[in-house]
Student: 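The structure's right below; bear with me while I get my questions together.
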Amino acid sequence: MEENIVNIDSLPVVVSRGIVVFPGAEMGIDIGRQKSLNACQLSEEAFDKTIIIVCQKHPEQFDPTIDEIYKVGTLCSFNKTKTNPDGTIKIDIKGLKLVQLDETIIQNGMVFAKFHELEVISGDESEEQALIASLTKSLNEVVSNKDIISNSLAKTLLSGNTSTELSNIFGSLLPFDFVTKQEILETLDLNTRLYRILEELEKMKYVAGIEKQIDKKVQQSIEKNQKEYILREKIKAIKEELGDTFDNEIDKIRNKLEKGNYPKNVKDKVLQELKRYESMVSQSPEAGVIRNYVDWMMSLPWNTLTTDNEDLNVVEETLNKDHYGLEKIKERILEYLAVKKLTSSLKAPILCFVGPPGTGKTSLALSIARAIGRKSVKVALGGISDEAEIRGHRRTYIGAMPGRIIQGMKKAQTSNPVFILDEIDKLGRDYKGDPANALLEVLDPEQNKIFQDNYIEENFDLSNVLFIATANYIENIPAPLLDRLEIIQLSSYTEMEKLNIAKNHLVKKQLKQNGLKPSKVSITDEALLYLIRNYTRESGVRNLEREIGTLARKTAVYMLKNNIEGRQTVGIKKLKELLGKEKFDYTKKEKKDQIGVVTGLAYTQYGGDILPVEVTYFAGSGNIKLTGNLGDVMKESASIAYSYVKANAKKYNIDEEKFAKIDLHIHFPEGAVPKDGPSAGVTMTTAIVSALCEAPCRSDIAMTGEITLRGNVLPIGGLKEKSISAHRSGIKTIYIPKDNEKDIEDIPQSVRDELKIILVEHVSEIIKDVLTFK
Ligand code: ADP
């Protein structure tokens with residue numbers, strides 16, 4: 001067949017789509033297009049089944065123009081193997097020679113071309129050898145990756161006898177794209193051709209490598225997911241075996257969340273956390289943290305409001321029932337509630353009860369809650385110095401918890417309780433922030449609608465809460481907080497008030513608490529008064545209540561032991577028998593008038609007490625000595641007093657030279673009790689004069705007042721407490737600063753009736769009155 005075509009220089013052309021035929025290649029192809037069918041037919045008839053096969057540049061075109069056909073193709077012989085009913089045929093071809101199409105024409109419905117044969121030209125032989133070696137090596141590597149080239153194909157590939165044959169086989173059989181194949185076909189320099197093939201082979205190898213890696217990764221990820229799934233199923237099975245309620249629990253929480261009255265943001269948050277929780281082992285620490293958080297979120301009263309009792313008469317009744325006296329205070333509470341109700345204003349200030357311990361601050365607040373029908377909670381703020389105590393710790397902290405406010409809300413179980421902020425004056429502050437600031441936010445109606453606790457993270461509405469604060473000293477309340485508070489001052493109770501509180505409230509309460517019927521036990525007024533005077537020492541009635549409790553218990557034991565069925569009356573004698581020795585002995589007034597001993601009045605955290613001063617002197621060199629646990633203010637006060645006496649020596653007939661020759665000693669007995677404050681100025685001055693002039697001082701008087709260097713008397717605080725204590729100690733007359741006149745109305749009438757109060761402007765008025773000069 002080959003010999004027949006040598007002299008032919010033009011032949012019919014079959015244009016192929018995407019198939020590049022190399023010399024030496026044998027393959028079957030389908031012929032469908034009419035032009036190609038015509039070409040095959042003509043070739044069979046006139047050219048001894050010889051055709052040129054050449055590739056079109058764009059395989060998608062059905063009828064390419066001459067320009068859209070490559071100019072290098074292959075001279076082939078063919079055999080028709082099949083004719084299909086639709087006229088298309090199948091032919092087996094064999095590539096014979098590489099040809100260049102010199103002139104291509106479309107004629108009689110077919111492509112026809114003039115051509116000449118092309119030859120692949122060898123170059124440097126050693127380079128050629130090296131290239132062949134590389135190709136073989138590369139091929140072997142590709143072969144080892146069985147997905148790309150099979151072993152049998154590799155064998156065929158390497159079956160070429162010459163390098164040119166080899167290059168044709170490679171170009172024909174390797175899975176390169178047709179553009180690359182055409183490029184290789186057109187490359188006539190043998191070594192360049194081999195290079196090109198090698199390059200493509202390497203590229204293939206590289207891509208295959210990457211594909212393999214990707215495959216591996218995909219495989220691994222599938223395996224991992226599968227592994228996780230299987231493990232989780234196993235855990236589930238194990239848990240079921242062990243009766244672990246974990247999954248059950250989650251279902252329960254979900255259920256509760258669905259049915260409960262929770263805001264949407266809370267629901268979403270909890271669901272989100274539950275999802276994380278589910279993927280954990282229930283005993284893991286992290287699961288514990290989430291569980292804790294979910295518990296907190298579920299147990300807070302997000303939307304639970306109670307209805308207020310708005311009848312002020314009922315409120316008043318309840319307040320009166322719970323507390324003796326305190327008329328003014330009850331009145332102010334009612335006013336406050338009325339205004340709050342009328343204006344329904346969020347801006348109403350926060351009530352703050354200020355007064356000594358045990359005067360009923362907390363119990364008043366609880367009583368308000370009871371009266372208006374709200375739940376109540378109390379949070380002690382004393383000693384809190386870390387802002388996080390108020391606002392909570394972030395969940396990332398180990399052992400994190402919500403702050404006191406949220407803790408209180410959980411305890412309250414309603415979103416509008418009466419919230420008692422106890423001891424607001426004992427808030428501390430340190431490097432961890434200022435808790436007062438956080439509290440300010442809690443109390444500010446503008447901000448507390450969206451209060452944010454660091455632990456809870458979601459906003460909590462505090463705007464319906466009725467906050468009531470308590471404090472002992474108004475001076476210690478942080479200023480910005482004070483601004484938001486409406487202060488209601490409670491003061492010490494007199495003995496009579498205490499007696500009434502005990503009679504009407506405490507005794508009943510304590511008997512009941514200790515399982516005794518009030519009808520079975522009665523305590524006489526005298527016994528109660530004895531109890532108040534000798535077993536307690538306080539402004540309020542907290543210890544009194546405790547002592548009554550002890551008395552009730554001891555009485556119960558006594559009655560059981562002695563089989564007393566009837567009514568038991570406790571008088572002073574029985575009281576002493578049951579409670580043992582008296583605990584306190586009020587500082588009694590001096591029995592006789594004495595030189596250098598004068599009675600002052602003090603105001604301590606337990607209320608008022610009398611405070612005697614002793615002054616003596618001895619030979620020395622003009623020094624002054626102070627003892628009795630005194631603070632700085634008291635020491636200054638002492639030296640002012642001494643200076644005043646020195647400056648006015650003549651007036652009191654004191655030898656001025658004496659001062660340089662003596663040491664003066666001022667002592668306040670009961671050295672264990674710290675004392676400070678300026679109000680003992682007049683007392684010290686009087687005692688110094690008394691000592692130096694050897695003029696005895698009346699024992700039935702007491703005095704209080706700060707002095708200036710010129711002896712003027714300045715006002716003092718705590719007049720009510722001081723007068724009550726003077727009265728209690730049997731003092732008949734007290735000297736007080738003129739400027740305190742306005743405070744006299746605070747002194748209970750029963751005290752005022754029995755105590756003479758003398759107002760003074762200058763210390764000399766007192767000295768003249770109380771000392772007996774020789
Ligand atoms: P505070 O909070 O001021 O320290 P509490 O409110 O705890 O004091 O009061 C201590 C006890 O004294 C409580 O049992 C309280 O009921 C009782 N109490 C205080 N004042 C009165 C009063 N005026 N009438 C009846 N009980 C009182």
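Just so it is clear, the structure is predicted and the values come from calculations on it, not from any experiment. Throughout, residue positions are numbered sequentially from 1 according to the sequence presented. Just follow the structure's listing: the first ligand is 1, and inside any ligand the first atom is 1.
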Student: Under 4.0 Å, counting heavy atoms only: does P357 come that close to any atom of ligand 1?
Tutor: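 It does, in that a heavy atom of P357 comes within the 4.0 Å cut-off of ligand 1.
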
Student: What is the nearest protein non-hydrogen atom to atom 4 (O) of ligand 1, stated with its residue, atom name and distance?
Tutor: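 Going by distance alone, atom 4 (O) of ligand 1 is nearest to R542 NH2, 2.2 Å.
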
Student: Can a non-hydrogen atom of Y493 be found less than 4.0 Å from any atom of ligand 1?
Tutor: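 Contact present.
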
Student: Looking at ligand 1, is there an atom of it that comes within less than 4.0 Å of some heavy atom belonging to G325?
Tutor: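 Under 4.0 Å: no for G325.
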
Student: Under the side-chain contact (heavy atoms from CB on, under 4.5 Å) test, which residues partner T470, sequence neighbours left out?
Tutor: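 For T470 the side-chain contact (heavy atoms from CB on, under 4.5 Å) partners, ignoring immediate neighbours, are K361, I420, D422.
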
Student: Going through the checks in order, is the salt bridge (Lys or Arg N to Asp or Glu O under 4.0 Å) test met by R533 and E495?
Tutor: CA-CA 8 Å; R533 284 183 179 157; E495 276 174 3; 2.9 Å; yes

Student: Y293 and Y455: aromatic ring centres closer than 6.0 Å?
Tutor: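 That pair passes the under 6.0 Å test.
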
Student: State the atoms of ligand 1, each with its element, that fall below the 4.0 Å cut-off from a heavy-atom position in K361.
Tutor: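 Per the distance check, 1 (P), 2 (O), 3 (O), 4 (O), 6 (O), 8 (O).
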
Student: Would you mind listing which atoms of ligand 1 come within a distance below 4.0 Å of any non-hydrogen atom of L326?
Tutor: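 Listed by number with element, the hits are 23 (N).
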
Student: Mind checking whether K509 has a heavy atom under 4.0 Å from ligand 1?
Tutor: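 K509: in contact with ligand 1 (<4.0 Å).
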
Student: If you look at every heavy atom in A388 and H393, which pair is closest and at what distance?
Tutor: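 Looking at all heavy atoms of both residues, the closest pair is CB-CE1, 3.5 Å.
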
Student: At their closest point, which heavy atom of E458 faces which heavy atom of M297, and how far apart are they?
Tutor: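 Shortest heavy-atom contact: CG-CE, 3.8 Å.
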
Student: Answer yes or no: does atom CD of E745 have more than 12 heavy-atom neighbours from other residues, nucleotides or ligands under 6.0 Å?
Tutor: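 Not more than 12 within 6.0 Å, no.
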
Student: Per the side-chain contact (heavy atoms from CB on, under 4.5 Å) rule, which among D308, V465, T304 passes with N416?
Tutor: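 Running side-chain contact (heavy atoms from CB on, under 4.5 Å) over D308, V465, T304 with N416 returns exactly one hit, D308.
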
Student: Checking R404 now: which residues fulfil salt bridge (charged side-chain N to carboxylate O under 4.0 Å, His left out) with it, not counting sequence neighbours?
Tutor: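 Result, salt bridge (charged side-chain N to carboxylate O under 4.0 Å, His left out) vs R404: E389.
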
Student: Please write down residue, atom name and distance for the protein heavy atom closest to atom 26 (N) of ligand 1.
Tutor: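 Here the nearest protein heavy atom works out to I501 CG2, 3.6 Å.
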
Student: I need the I384 CD1 to L427 CG distance, nearest 0.5 Å.
Tutor: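 One finds 6.5 Å between CD1 of I384 and CG of L427.
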
Student: Looking at atom 23 (N) of ligand 1, what's its closest protein heavy atom, distance included?
Tutor: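 Ranking protein heavy atoms by distance from atom 23 (N) of ligand 1, first comes Y324 O, 2.9 Å.
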
Student: So which protein heavy atom does atom 11 (C) of ligand 1 come closest to, and at what separation?
Tutor: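 Nearest protein contact, heavy atoms only, for atom 11 (C) of ligand 1 is E545 OE1, 3.1 Å.
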
Student: So is D322 touching ligand 1 or not, going by heavy atoms under 4.0 Å?
Tutor: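 Yes, D322 has a heavy atom closer than 4.0 Å to ligand 1.
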
Student: Which protein non-hydrogen atom lies closest to atom 10 (C) of ligand 1, naming both residue and atom, and how far is it?
Tutor: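 Here the closest protein heavy atom is G358 CA, 4.1 Å.
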
Student: Report the nearest protein non-hydrogen atom to atom 15 (C) of ligand 1: residue, atom name, distance rounded to 0.1 Å.
Tutor: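 Looking only at protein heavy atoms, the one closest to atom 15 (C) of ligand 1 is S363 OG, 3.3 Å.
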
Student: Among all protein non-hydrogen atoms, which one is nearest to atom 18 (N) of ligand 1, and what is the separation to 0.1 Å?
Tutor: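 Result: V541 CG2, 3.6 Å.
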
Student: For ligand 1, which atoms sit closer than 4.0 Å to a heavy atom of T362?
Tutor: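 It comes down to these atoms of ligand 1: 1 (P), 2 (O), 6 (O).
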
Student: Has T470 got any heavy atom lying under 4.0 angstrom from an atom of ligand 1?
Tutor: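 For ligand 1, residue contact (heavy atoms, under 4.0 Å) with T470 is absent.
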
Student: So that I can tick it off, tell me whether R394 and E457 are bridged by a salt bridge, with the cut-off set at under 4.0 angstrom between side-chain N and carboxylate O.
Tutor: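 So E457 does not pair with R394 through a salt bridge.
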
Student: Per the side-chain hydrogen bond (donor to acceptor under 3.5 Å, both in side chains) rule, which among H505, Q513, K509 passes with E545?
Tutor: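 The side-chain hydrogen bond (donor to acceptor under 3.5 Å, both in side chains) with E545 is passed solely by K509 among H505, Q513, K509.
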
Student: With backbone taken as N, CA, C and O and side chain as the heavy atoms from C-beta onward, which portion of H505 lies under 4.0 Å from ligand 1: side chain, backbone, both, or neither?
Tutor: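 Near ligand 1, H505 shows its side chain, while the N, CA, C and O stay back.
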
Student: Heavy-atom contacts with T359 under 4.0 Å: which atoms of ligand 1 show up? List them by number with element.
Tutor: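 Counting from 1, the qualifying ligand atoms are 3 (O), 8 (O), 19 (C), 20 (N).
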
